[in-house]
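Worksheet for the structure shown next.
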Amino acid sequence: MDTRGLFAQTFTVPESAIDVNGHANNLEYLRWMQEVATAHSDACGWTLARYQETRTTWVIRSHAIDYLRPAFAGETLKLITWIGGFGDQESPRHYLFWRERDRKVLARATTVWVFMDTEAGRPRLIPEAFREAFEVVADEQEALRTLRTGGI
């Protein structure tokens with residue numbers, strides 16, 4: 001699988017993710033989103049070591065999450081992520097939470113990430129080397145088509 005565009009991780013919702021309402025807590029979704037974003041970056045050659053060498057990092061400007069259906073303990077989910085574009089210093093990353101058993105989207109989300117200079121503590125231009133490491137996926141429909149055909 002080419003990890004430059006769509007990237008996916010499959011996992012089972014642990015009992016520890018369940019809240020008083022009996023389904024996965026919203027904070028777990030944020031944690032899972034950060035984990036898959038980090039794994040995608042690693043797979044494309046932008047590891048923690050590389051960020052440290054270049055004295056850069058990403059910070060979150062905003063999250064938007066639409067919860068469509070609940071997730072329950074023991075369910076197998078696939079979390080798909082992709083980069084939706086690049087600004088000078090910002091990049092939106094998109095996410096779909098997909099339940100395998102009924103092929104339903106449980107949640108969709110977008111995070112706006114800001115590329116930072118760790119020494120200056122300020123945003124900086126996203127380098128061309130980073131842009132070239134990732135393929136931009138323009139719309140969610142491409143991700144859904146790939147999911148439905150089993151391509152990821």
Side-chain angles (χ1 to χ4, degrees), residues 1-54 56-87 89-116 118 121 123 126 130-131 133-152:
M1 169 178 66
D2 179 8
T3 58
R4 290 175 8 96
L6 297 174
F7 183 82
Q9 286 188 326
T10 301
F11 64 97
T12 301
V13 177
E15 187 65 42
S16 62
I18 305 306
D19 64 17
V20 297
N21 296 313
H23 53 71
N25 186 281
N26 61 313
L27 293 176
E28 295 299 320
Y29 285 82
L30 290 171
R31 186 174 59 76
W32 296 328
M33 289 162 54
Q34 185 163 338
E35 288 173 358
V36 76
T38 299
H40 187 200
S41 187
D42 286 351
C44 291
W46 281 83
T47 62
L48 177 59
R50 187 166 184 187
Y51 287 114
Q52 290 171 335
E53 289 167 11
T54 58
T56 59
T57 192
W58 289 93
V59 297
I60 295 167
R61 170 146 303 152
S62 64
H63 289 298
I65 305 174
D66 292 324
Y67 299 99
L68 307 172
R69 296 171 183 84
F72 301 101
E75 288 188 318
T76 300
L77 303 183
K78 186 176 281 192
L79 176 49
I80 300 91
T81 189
W82 65 94
I83 291 178
F86 292 108
Q89 301 168 331
E90 294 183 356
S91 178
R93 177 179 281 280
H94 301 278
Y95 310 82
L96 286 176
F97 289 83
W98 172 264
R99 187 167 48 213
E100 294 281 311
R101 73 172 163 79
D102 61 1
R103 301 172 55 83
K104 298 285 187 187
V105 174
L106 303 186
R108 63 175 41 94
T110 301
T111 299
V112 175
W113 292 87
V114 179
F115 197 67
M116 299 287 289
T118 58
I126 299 170
F130 186 89
R131 294 169 187 270
F134 295 86
E135 180 182 322
V136 170
V137 177
D139 74 41
E140 182 179 295
Q141 293 309 310
E142 182 178 338
L144 286 169
R145 277 191 301 277
T146 304
L147 272 170
R148 291 184 177 123
T149 62
I152 191 166

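Worth knowing before you read on, the calculation uses all heavy atoms, side chains too, and leaves out hydrogens, waters and symmetry mates.
- The two residues G87 and R131 come nearest to each other via the heavy atoms O-NH2, 2.7 Å.
- Between F72 and H23, the two ring planes are perpendicular [angle over 60°; tilted spans 30° to 60°].
- Relative orientation of the W58 and W113 rings is perpendicular, given thresholds of 30° and 60° on the angle between their planes.
- Counting only heavy atoms from C-beta outward, the side chains of I83 and F130 approach each other to under 4.5 Å.
- More than 12 heavy atoms of other shown residues, nucleotides or ligands fall within 6.0 angstrom of atom CD in Q9.
- Contact check for D19 versus L27: no side-chain heavy atoms found under the 4.5 Å cut-off.
- For the residue pair A24 and V13, the shortest heavy atom distance occurs at CB-CG1, 4.4 Å.
- Between the T38 side chain and the Q34 main chain, a donor and an acceptor come within less than 3.5 Å of each other.
- Rounding to the nearest 0.5 Å gives a distance of 8.5 Å between OG1 of T57 and CE of M116.
- Between Y29 and Y95, the ring centre distance reaches or exceeds 6.0 Å.
- Judged by distance alone, with hydrogens and angles left aside, the side-chain atoms of S91 form a donor-acceptor pair with the main-chain N or O of G85 at under 3.5 Å.
- Considering only heavy atoms from C-beta on, L30 stays 4.5 Å or farther from W32 through its side chain.
- Screening V136, D139, T146, L96 against W82 for a side-chain contact (heavy atoms from CB on, under 4.5 Å) leaves a single residue, L96.
- For the atom pair CD1 of I152 and OG1 of T10, the computed distance is 9.0 Å after rounding to the nearest 0.5 Å.
- At least one side-chain heavy atom of M33 sits less than 4.5 Å from a side-chain heavy atom of F97.
- Every residue two or more places apart in sequence or in another chain that forms a side chain to side chain donor-acceptor pair (under 3.5 Å) with R31 is listed here: E28, E35.
- Aromatic ring pairs are classed by plane angle as parallel below 30°, tilted from 30° to 60° and perpendicular above 60°; the pair Y51 and W46 is tilted.
- The backbone N or O of E75 lies less than 3.5 Å from no partner atom in the side chain of R101, so there is not a single donor-acceptor pair.
- Remark: R103 engages no residue in a salt bridge (Lys or Arg N to Asp or Glu O under 4.0 Å) (not counting sequence neighbours).
- With a 4.5 Å cut-off on side-chain heavy atoms, H94 and E140 do not count as touching.
- Within the 4.5 Å cutoff, no side-chain heavy atoms of L106 are placed close to those of L68.
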